[in-house]
There are 2 protein chains.
Amino acid sequence: MKLSEAKAQFISSWGAFGTQWGINRTMAQIHALLLISPDPITQDTIMAELNISRGNVNMNTRELIDWGLVDRVLIPGERKEFFSAEKDIWKVATQIIKERKKRELDPMLKLLGQLEKIDGQAKDRDVKQFTETIAGIRKFGNQADKVLDVMIRAEENWFTGTLLKFFK
Amino acid sequence: MKLSEAKAQFISSWGAFGTQWGINRTMAQIHALLLISPDPITQDTIMAELNISRGNVNMNTRELIDWGLVDRVLIPGERKEFFSAEKDIWKVATQIIKERKKRELDPMLKLLGQLEKIDGQAKDRDVKQFTETIAGIRKFGNQADKVLDVMIRAEENWFTGTLLKFFK
DNA sequence: ATTTATTTTCAATAAGTTTTGAAAATTCAA
DNA sequence: TTGAATTTTCAAAACTTATTGAAAATAAAT
């Protein structure tokens, strides 16, 4: 397979994969392009490679920066801004986990905590099923929270990081 | 907080949460409603509770059944079909993991396998970055695959299941 | 076999999301 | 400063996905 063909295939599939996970197709494609680019690239390169508008590139690179997956890079002597993605996949994964946890899991757990205090007779079937469901999800969510924290800290901590190399 | 208020809040949040994960809002809401319903309920009840059309209920309950999260229940003497959701959150989670793994992770790993064979000089920076990225994602994906298999099998296996109770 | 209840399908429509592109804002150099 | 290069914004348009609802299909009862 030729490189150009493989690149196109990867970018397109990564985009499709992203949409299944609630990530904007273009954002995923830009990320894919940056992952396989050995050097930082400009807005114009992204526009040309993916055939998308300047505004679109601008919005989605910003979003990728917000997620901590991409950096703006200043190249001495160059007027334009360049973009570069974190290439270590383990770091990419922990960064995504960290963000989704903060944006989604933590608020959900907070909400569930509030929903557990219900007026009404605990013997009432409806009340019982409701509180049990909420408690079950909360317990599961809290465990997931802890497991994810371990993963995230593993990346930031030298000792576990070293252990992790055997796993990676 | 009153039960009715808490229910509405839970269903609505579960739906919003779902959309962030690439799951149709209505499907997530129906799932939420079934999770907190002590007894199986009919299409009409779902229509009334969520204010949605019959066709919508029909499509989304089918999808939930496909995902293995909901069952059709026949109640003796009743003409209508009833629906009931698996209530054990751990089982719900492993079922979702199992399905997403099958539908998304496995095909992605297959694709990455194909993309690793690239014509071209391995010293070429472009080729090098591409193959390294693909290899990195593939390695990570394979590890995730293994970890998820352990989780899934834990649910299906008595011994690990017993161990798991300490964790749950 | 016919009627009645119930479920399923799917074209049309509505709702939601993403993308464009041109104007405004910003940045840098002369 | 002023002007050119570059980035950002955001209303309008394009595209995608979800929902409706009525007709067709199926299943059960008489």
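In what follows, chains are A, B, ... by sequence order, proteins preceding strands, each numbered from 1.
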Check: How about B/Glu49 and B/Ile11: do any of their side-chain heavy atoms sit closer than 4.5 Å?
Finding: no

Note to self: So, does A/Asn58 get its side chain near the phosphate of D/dT8, meaning an N or O under 4.0 Å from OP1 or OP2?
What the structure shows: yes

Item checked: Residue from A/Asp119, A/Ile118, A/Leu115 passing side chain to side chain contact (heavy atoms under 4.5 Å, CB included) with B/Leu3 -> A/Ile118

Notebook entry, point to check: Atom CD1 of A/Ile46 to atom C1' of D/dT6: distance rounded to whole Å?
Noted result: 14 Å

Which side-chain N or O atoms in residues 70-83 of chain B pair as donor and acceptor under 3.5 Å with protein atoms at least two apart or in another chain?
unit_1  : atom_1 : unit_2  : atom_2 : d
B/Arg72 : NH1    : B/Glu81 : OE1    : 3.0
B/Lys80 : NZ     : B/Asp44 : OD1    : 3.1

Checklist line | Side-chain donor/acceptor of A/Thr42 to backbone N/O of A/Thr45, under 3.5 Å | finding: yes

Check: How does protein reach along nucleotides 19-30 of chain C, written 5' to 3' as B (base within reach of a heavy atom under 4.0 Å), S (only sugar-phosphate), or - (no contact)?
Finding: SBB-----BB--

Item checked: Student check: side-chain heavy atoms of B/Trp21 and B/Arg100 closer than 4.5 Å -> yes

Next item on the list: For A/Glu78 and D/dA5, give me the distance from atom CD to atom C1', rounded to whole Å.
Entry: 13 Å

Notebook entry, point to check: B/Met47 CE to C/dA5 C1': how many Å, rounded?
Noted result: 14 Å

Notebook entry, point to check: Can you tell me how far C1' of D/dT6 sits from CD1 of A/Ile75, to the nearest Å?
Noted result: 16 Å

Next item on the list: May I ask you to evaluate whether A/Gln43 reaches the phosphate of D/dT7, defined as a side-chain N or O under 4.0 Å from OP1 or OP2?
Entry: yes

Check: Given atom CD1 of A/Ile65 and atom P of D/dT7, what is their separation to the nearest angstrom?
Finding: 11 Å

Item checked: Between P of C/dT17 and CD of B/Gln20, the distance in whole Å -> 11 Å

Notebook entry, point to check: Rounded to whole angstroms, how far apart are CG on A/Asp66 and C1' on D/dT8?
Noted result: 14 Å

Checklist line | Sub-4.5 Å side-chain heavy-atom contact between A/Val127 and A/Gln121 | finding: no

Note to self: Output the rounded distance in Å from CD1 (B/Ile23) to C1' (D/dA18).
What the structure shows: 15 Å

